[in-house]
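Comments concern the structure below.
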Amino acid sequence: MSAVSDRLPTFPWDKLEPYKKTAAAHPDGIVDLSVGTPVDPVPELIQKALIAAADSPGYPTVWGTPELRDAITRWVEHRLGARGVTHRHVLPVVGSKELVAWLPTQLGLGPGDKVAFPRLAYPTYEVGARLARAEHVAYDDPRELDPAGLKLLWLNSPSNPTGRVLSQEELTRIVSWAREHGVLVLSDECYIELGWEADPVSVLHPDVNGGSYDGIVAVHSLSKRSNLAGYRAAFLAGDPAVLGPLLQIRKHGGMMTSAPTQAAVVAALGDDEHVRVQRERYAARRAVLREALLAHGFRIEHSEASLYLWATRDESCWDTVAHLADRGILVAPGDFYGPAGATFVRVALTATDDRIRTAAHRLTP
C-alpha cells in the first residue's frame, strides 16, 4: 500500500489545520469559507424520493435504473442543449471526485501516457494521473500542448478555483484541436448552473461539438446545484465509445450508486425550482462577500461563475490565510491549486447567511 500512497502528494488540507485553530479561537467562532461543502437543506422533494426508495434490499445496477437514465438524458437536453442523447450516452458515477481520481486508471493509462489539466486546477486531476502512473502536465492553453502521448485532456469550466468560464468559441477550438490529435476531452462542468457574470456552455452543446459526441465526455454533479454532496451523486454524458467500456469496468469493480440515491437524483433532475432558489441564496452571499473583500483591499479575478471568489492582496497566499484567520475567517490558499495560485486565496460562498454576514462585518475597515 505504501507504494501507492508514495505516488501521491501530501494531502494539502492538513497544512491548513494550524490556521483553522487560530480562526476557531475567535470569540464569535470560526467562519469557515475554505471548503465548498453545501450547508443548506436538501430540498424536501429529494428527501422524500430518497425515503420512498429506502426499502431497497437488492443490489443496484452500475448503469442505474431506466428511470435514472431517462432523467439524465432529459436533463442534458433540456439544460445543456444537447441533442440525440440516448441511454448509451450516459453513465451514473459515485460522486465526481471518485471519477476524477480513478478515470485514468480505468482508461488503461500508464507510464508514457500524459494527462493534462489547467494550470490552476482541482488537485484530484493530478492525483488521478499519479494513481495510474501516467505523466501529468499543466497548461494555460491546451492547444499549446505537445499532443505526443497526450491521452486525456481535462477541461474545467466554470473553474474550481478561479470561477473562470471558457467561452463557446474557446471550447469549440479546443474540441477541434483535440479531435485532430486524437485526444480524449473530459469536461468537468460541475458548476455549470452557477454562472453569475457569464453563461457557461457545455461541450455537449452542438455549437461546440458540431453535433457529434466523438471524443468528448462531460462530468456533472448534483453536489452543488441540489445540495447533495452527502449523497455522492454524479454522472457522465458523452461518447458511447468511451462510456461503454467504462460501464463494463465499473461493473467489475462494483462502482454503483445506491438505489435510494438513484431515486433522489431522478427527483432532483426533474425539478428546476429548487435550483433557482439555491442560486438566489448563493448570489446574495456572493454579493455580500465580494463587496466586503473589495472594501478590505482585495482584488478579485475571474469569479464570473462557481461557488468561489478568487481573491488576492498581492502577497503570499499563506500570509493572506493568516491575516484572515486572525479575524476568525478560514479560506483556502491558492497554491493548493497549483504554483500559479501562490498569491491568491479561494473564498467559498458555502456558509449560512448569518456566517457570511459575520465574515463581512469582520472585514469592515
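Computed from a predicted structure; not experimentally measured.
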Trp102, CH2 atom: more than 12 neighbouring heavy atoms under 6.0 Å: no
Salt-bridge contact Lys21-Glu17 (side-chain N to carboxylate O under 4.0 Å): no
Check against side chain to side chain contact (heavy atoms under 4.5 Å, CB included), Arg225 and Leu269: CA-CA 10 Å; Arg225 51 100 66 193; Leu269 291 179; 4.1 Å; yes
Arg355 backbone acceptor or donor facing Thr352 side chain under 3.5 Å: yes
Mutual orientation of the aromatic rings belonging to Tyr337 and Trp310 [parallel < 30°, tilted 30-60°, perpendicular > 60°]: perpendicular
Test item: His296 side-chain N/O and Phe298 main-chain N/O as donor-acceptor pair under 3.5 Å: no
Presence of salt bridge, Asp113 and Arg133, under 4.0 angstrom: no
Heavy-atom side-chain contact between Ser223 and Leu228 under 4.5 Å: no
Phe336/Trp13 aromatic ring centres below 6.0 Å: yes
Residue pair Lys48, Glu44: steps toward the salt bridge (charged side-chain N to carboxylate O under 4.0 Å, His left out) verdict: CA-CA 6 Å; Lys48 287 181 176 178; Glu44 187 176 358; 3.4 Å; yes
Distance-only side-chain donor-acceptor flag, Glu189 / Ser202, under 3.5 Å: yes
same_hphob_cluster(Tyr125, Leu150) at 4.5 Å side-chain heavy-atom cutoff: no
Check ion pair Asp353-Arg285 (N to O, under 4.0 angstrom): yes
SB check Lys114 Glu135 (cutoff 4.0 Å): no
Heavy-atom donor-acceptor pair, Asn227 side chain to Pro38 backbone, under 3.5 Å: no
In one Ile/Leu/Val/Met/Phe/Trp/Tyr side-chain cluster, 4.5 Å: Leu33, Ile30: yes
Hydrophobic cluster identity match, Val331 and Val288, side-chain contacts under 4.5 Å: yes
Check: His361 main-chain N/O paired with Thr364 side-chain donor or acceptor under 3.5 Å: yes
Validation row: Asp32, Lys20 side chains within 4.5 angstrom (heavy atoms): yes
Closest non-hydrogen atom pair between Ala234 and Ser96, with its separation: CB-N, 3.6 Å
Donor + acceptor pair across side chains of Asp326, His26 (<3.5 Å): no
Heavy-atom check, side chain of Ile72 versus side chain of Leu68, under 4.5 Å: yes
Rounded distance [0.5 Å steps], CG in Asn156 versus OG in Ser187: 8.0 Å
Residue pair Ala305 / Trp196: nearest heavy atoms and the distance that separates them: CA-CD1, 3.6 Å
Over all atoms of both residues, closest heavy-atom pair of Arg79 and Ile192: NH2-O, 3.6 Å
Partners meeting side chain to side chain contact (heavy atoms under 4.5 Å, CB included) with Thr312 (sequence neighbours left out): Arg299, Asp314, Thr343, Phe344
Trp318-Tyr19 aromatic ring centre distance below 6.0 Å: yes
Arg286 and Glu197 ion-paired at < 4.0 Å: yes
Arg119/Asp141 salt bridge by N-O under 4.0 Å criterion: no
Verdict with supporting geometry, Ser167 and Glu170, side chain to side chain donor-acceptor pair (under 3.5 Å): CA-CA 5 Å; Ser167 68; Glu170 288 175 296; 3.3 Å; yes
Single-linkage hydrophobic cluster, 4.5 Å side-chain cutoff, Val175 and Leu243 together: no
Side-chain heavy atoms of Trp177 within contact of Ile174, under 4.5 Å: no
Min side-chain heavy-atom separation Arg346-Ser34 under 4.5 Å: no
Leu50 and Tyr231, any side-chain heavy atoms less than 4.5 Å apart: yes
Shortest non-hydrogen separation from Pro43 to His274 and the atoms involved: CG-CD2, 3.5 Å
Whether Arg179 side chain and Asp214 backbone form a donor-acceptor pair below 3.5 Å: yes
Verify same cluster id: Leu99, Met256 (apolar side-chain graph, 4.5 Å): yes
Which atom of Gln278 lies closest to which atom of Lys224, heavy atoms considered: CG-O, 4.3 Å
Gap between atom CG of Leu184 and atom CG of Leu107 - 0.5 Å precision: 6.0 Å
Side chain to side chain contact (heavy atoms under 4.5 Å, CB included) between Leu103 and Leu246, worked out: CA-CA 9 Å; Leu103 182 65; Leu246 279 179; 3.8 Å; yes
Presence of salt bridge, Glu77 and Arg83, under 4.0 angstrom: no
More than 12 heavy atoms from other groups under 6.0 Å of CD on Glu291: no
Main-chain N/O of Ala178 paired to His181 side chain as donor or acceptor, under 3.5 Å: no
Which atom of Pro260 lies closest to which atom of Ala54, heavy atoms considered: CG-CA, 4.2 Å
Sidechain-backbone polar pair: Arg279 side chain, Glu193 backbone, donor-acceptor under 3.5 Å: yes
Main-chain N/O of Glu67 paired to Arg69 side chain as donor or acceptor, under 3.5 Å: no
Salt bridge Arg143-Glu180, side-chain N to carboxylate O under 4.0 Å: no
CG/Asp354: more than 12 non-hydrogen atoms of other groups inside 6.0 Å: yes
Separation of Arg357 CZ from Arg362 CZ (nearest 0.5 Å): 13.5 Å
Pro92 vs Gln262 side-chain heavy atoms within contact, under 4.5 Å: no
Criterion side chain to side chain contact (heavy atoms under 4.5 Å, CB included) on Tyr308 and Thr162, from CA distance to verdict: CA-CA 7 Å; Tyr308 313 104; Thr162 69; over 6 Å; no
From OG (Ser212) to CG (Asp239), nearest 0.5 Å: 7.5 Å
Flag, side chain of Thr261 to backbone of Thr257, donor-acceptor distance under 3.5 Å: no
Leu236 and His220, any side-chain heavy atoms less than 4.5 Å apart: no
Note: Arg276-Glu280 ion pair, threshold 4.0 Å (strictly below): yes
Main-chain N/O of His323 paired to Arg327 side chain as donor or acceptor, under 3.5 Å: yes
Side chain to side chain contact (heavy atoms under 4.5 Å, CB included) between Leu309 and Ser303, intermediate numbers included: CA-CA 5 Å; Leu309 293 169; Ser303 306; 4.0 Å; yes
